[in-house]
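Values below: every heavy atom of this structure, side chains too, minus hydrogens, waters and symmetry copies.
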Amino acid sequence: MWAWLSPGSWAHQGTQPHSIKIEGDITLGGLFPVHSRGPPGIPCGELKKEKGIHRMEAMLYALDQINSDPELLPNITLGARILDTCSRDTYALEQSLTFVQALIQKDTSDVRCSNGEPPIIRKPERVLGVIGASASSVSIMVANVLRLFEIPQISYASTAPELSDNNRYDFFSRVVPPDSYQAQAMVDIVKAMGWNYVSTLASEGNYGESGVDAFQQISREAGGLCIAQSLKIPREPKPGEFDKIIKRLMETSNARGVIIFANEDDIKRVLEAAKKANLTGHFLFVGSDSWGAKSSPILDQEDVAEGAVTILPKRASIDGFDQYFTSRSLENNRRNIWFAEFWEDDFRCKLTRPGIKLDSEKKKCTGEERISRDSQYEQEGKVQFVIDAVYAMAHALHSMHVDLCPGYMGVCEKMDPVEGRLLLSYIRSVNFNGSAGTGVLFNENGDAPGRYDIFQYQLSNTTSPGYKVIGQWTNHLRLNIEDMQWSGGEHQVPDSVCSFPCNPGERKKMVKGVPCCWHCELCDGYQYQADEFNCETCPFDMRPTENRTGCRPTPIIKLEWSSPWAIIPVFLAILGILATSSVVVTFIRFNDTPIVRASGRELSYVLLTGIFLIYLITFLMIAEPGAVVCAFRRLLLGLGMCISYSAMLTKTNRIYRIFEQGKKSVTPPKFISPTSQLAITFILISVQVLGVFIWFGVVPPHTVIDYEEQRPPNPELARGILKCDMSDLSLISCLSYSIVLMFKYTTCIVWLAFVPIFFGTAQSTEKMYIQTTTLTVSMSLSASVSLGMLYIPKVYVIIFHPEQNVQKRKRSFKAVVQAATMSTRLSQKSNDKQNGETKIEPDRSQ
């Protein structure tokens, strides 16, 4: 019954129809990918129902709406010449030459008919503007021709950033935002999710490559985002090509985020390869508008696509178009020469044609089928933009008509023909609410403003798996992170970073050439993290905090009374003070007894005072340093020993001189009286005191905090030591005079042991404790030796054997000297006999 519809109604040129012609006062061109790219040698392939038929019908729908609108282009009918690009740029270029035929001047002067008359050549219709194309590569190819003939062009789907070049594509405009906006939106999405290391994947061709180029350029300008790999899918991929792509992406496995500008077929095959490699859930895809919210790229690969974030120019479903398209049938849509092919494909049936045998495997079309009722229907995403593109052209023509033909019904002479550049200026000036209620306008480059919906494909924990709107982008991003869901139903955004943030106290050591990759190095020793990339050493009086993000004051310490290093010296000093006090009290009480008098009372009291001061210095060495304490340390450190050994030296020297003088005469030596002895002692002491006061004048006593002494490799153990400003050398110098005075005494053994201990611990972290303890114990031992050897026996006799502490027969100094002399001679004779050298002395008594 449908045989009468073909072939003339459905095809104008053989079996493959080329164009749709709609008559009108003004003709617009249309370019749509009605068919896919054919195999090599054949320009066209299979029918594209959504991208082809839906979009092309949207133009027919818009023309119907405009022509029926009494307010828009009244009394002017818009016609159309619609071509099939077959999704191939070279084929589209050939087809688009139809649009410029009327502008090409042909010389027919030498052409004659057989009867000699000049031929009557039908002039082709003049196309004032073109709606299309779809693919960016096709639009670029066609735009290069149309600009030569100044024919404005408005695309409904071409988004390549290259088309924003107003110098090369000055007659090109588009109602969709360029990929540069899309790329900006994708960069913002990636950064909002905290990613800084991603790979890019592009289908070979203008759309994919220019989209990735725009993404890379914007990411470089924005900073903080690095491209791990930038891979390209060939136009004609070889077997195993997608497996290789997945393998290469895994070379930088930390870059889980994959930015993909690719066509539907390539997207599907990438997902298949990822699933084949058992990498479901590893890659996190961010897809461009070619992916959008389409179900075809993810069919049977939903688990791999889970969590994919996609972007699509903000759109709305046009209810009027749904009503129009679902009411189309073979009877009422004869103007669409490809509709019968669509009918067969959509309902999976076969129309009968004369001379063509019906395929037994397919059912026969009845013609009673209805779109949406008997087949699945969903409005294609770019339908809104096709309608807006046609309306933009209509509004520009309307404004031009109002300006050039005021009050004129129909096309006036000034619009016949229409000047292309003037029409372009009107196109760039339009501003109206489009089919979805959003504004339609163009910038100076012919680009529409960027308005995008952001989707995520969610599979888990949802009653209706599919694409969910999670945000919008209109010059800035509004992303609802809390609404996002990832593989396994996780709500935490996965990482796609080259290097994870360094811990506090670690600096970044950048990897050369990759600004998003670094190694974390701990700020060691006394360094702290000054900034993200540098460690600096804390000031000398400070140490790093525990997390090494700053510096804190180094704790100040001193030798505490409760320290074991202080308890022993204090204990010895207390015993020594008690013993010294006991001796002094005993001597004072028995001041006139023979033993006390024989000991040389005056020098004994001086010597005991020195011993007392030696014990007392222990408390000053342990007390908290201050100006007064430091002054007394300087004064008393050497003074006690100086007093003791000056008295001992004076007493020893007195006895020595007495015996030496006795060998020569019975006359007593000079300066052996108590007063003389005290004078000599105080002269010796005055040398020490004078030296100390000169030291006071040159360097007044004060405290310092020594941060060097306890500064081990581990800063947690670092301490500042509060001490008097006395170096080791000055301390020894302070004692040197006393050491000279005691050189001939037994106590020098103690000091010979002290020196190596004192200087041998100079590098020890316990230096302060060891040296202080060594010094005070050595002084206490030195004082104890003097006290024990000189006075304890005397006190013992005085207390426990008072019968021995009685006056004996007085002897004169002369008798003492004679006795001493006789004793000496007897000693010499004894020695001579032992040597066998006996001499006979004459008897001087005769």
Side-chain angles (χ1 to χ4, degrees), residues 28-34 48 51-52 54-56 58-59 62 80-89 92-93 95-96 99 127-147 149-166 168-182 205-208 210-211 214 261 263 288-290 292 312-315 380-396 420 423-424 427-428 430 434-435 440-452:
L28 301 180
L31 293 171
F32 295 92
V34 180
K48 301 179 77 170
K51 282 191 174 183
H54 282 208
R55 294 179 182 181
M56 191 264 293
M59 180 174 180
R81 170 71 74 177
I82 300 175
L83 304 176
D84 179 10
T85 64
C86 291
S87 307
R88 190 187 294 270
D89 50 4
L93 179 61
Q95 294 295 298
S96 64
F99 299 146
V127 175
L128 299 184
V130 174
I131 305 302
S134 178
S136 295
S137 57
V138 175
S139 287
I140 288 172
M141 189 75 77
V142 172
N144 284 317
V145 174
L146 296 182
R147 71 184 295 270
F149 298 92
E150 296 187 347
I151 298 176
Q153 174 185 1
I154 302 178
S155 174
Y156 50 82
S158 298
T159 56
E162 183 180 347
L163 289 164
S164 296
D165 187 346
N166 203 36
R168 294 178 59 192
Y169 307 104
D170 46 345
F171 280 82
F172 178 85
S173 304
R174 49 187 161 189
V175 290
V176 288
D179 285 338
S180 55
Y181 293 168
Q182 183 176 200
N206 189 272
Y207 171 78
S210 60
F261 283 82
N263 59 52
S288 64
D289 61 348
S290 61
L312 198 60
K314 198 170 185 64
R315 62 178 185 175
E380 201 276 332
K382 293 292 195 301
V383 163
Q384 167 199 339
F385 299 108
V386 175
I387 297 172
D388 288 344
V390 177
Y391 265 88
M393 193 72 77
H395 277 281
L423 177 58
L424 176 66
I427 290 173
R428 296 288 172 86
V430 299
S435 56
V440 177
L441 64 157
F442 303 98
N443 64 13
E444 65 277 5
N445 295 322
D447 294 330
R451 301 188 192 96
Y452 295 97

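For the atom pair CG of L146 and CG of D170, the computed distance is 11.0 Å after rounding to the nearest 0.5 Å. A distance of 6.0 Å separates CG of L423 from CE of M393, quoted to the nearest 0.5 Å. The distance from the CZ atom of R174 to the CG atom of N445 is 9.0 Å, given to the nearest 0.5 Å. Rounded to the nearest 0.5 Å, atoms CE (M141) and OG1 (T85) are 12.0 Å apart. With values rounded to the nearest 0.5 angstrom, Q182 atom CD is found 4.0 Å from D289 atom CG. Distance check, rounded to the nearest 0.5 Å: OG1 of T159 to CZ of F261 gives 8.0 Å.
Closest approach of Y156 and V176 over heavy atoms only: O-CG1, 3.2 Å. Taking every heavy atom of both residues into account, V430 and A392 meet most closely at CG1-O, 3.8 Å. Nearest approach of Y207 to S288, heavy atoms of both residues: OH-OG, 2.7 Å. S87 approaches K48 most closely through the heavy-atom pair OG-NZ, 3.4 Å. Minimum interatomic distance between Q384 and R315 (heavy atoms only, all atoms of both residues): OE1-CA, 2.7 Å. For the pair N144 and R147, the tightest heavy-atom approach, listed with the atom from each and the gap, is O-CG, 3.5 Å.
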* **side chain to side chain contact (heavy atoms under 4.5 Å, CB included) assessment of F149 paired with V127** => CA-CA 11 Å; F149 298 92; V127 175; over 6 Å; no
* Residue pair Q95, V138: steps toward the side chain to side chain contact (heavy atoms under 4.5 Å, CB included) verdict -> CA-CA 11 Å; Q95 294 295 298; V138 175; over 6 Å; no
* To do: Apply the test side chain to side chain contact (heavy atoms under 4.5 Å, CB included) to residues S435 and Y391: give CA-CA distance (whole Å), side-chain angles for both, the deciding distance (0.1 Å), then the verdict.
  => CA-CA 9 Å; S435 56; Y391 265 88; over 6 Å; no
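A 4.5 Å side-chain heavy-atom check between F99 and L31 finds at least one atom pair inside the cut-off. V145 places a side-chain heavy atom less than 4.5 Å from the side chain of L93. Side-chain atoms of P177 and P313, non-hydrogen and from C-beta on, do get closer than 4.5 Å to each other. Residues M59 and L28 are in side-chain contact: their nearest non-hydrogen atoms beyond the backbone lie under 4.5 Å apart.
Residues satisfying the ring-ring contact (aromatic ring centres under 6.0 Å, His included) criterion with F171, sequence neighbours excluded, are absent altogether.
When only modelled atom types and interatomic distance are considered, Y169 and Q153 share no side-chain donor-acceptor pair under 3.5 Å.
Judged by distance alone, with hydrogens and angles left aside, the side-chain atoms of S173 form no donor-acceptor pair with the main-chain N or O of I154 at under 3.5 Å.
Among residues at least two apart or in separate chains, side-chain hydrogen bond (donor to acceptor under 3.5 Å, both in side chains) pairs with a member in residues 130-139 are R55-S134, S139-S158.
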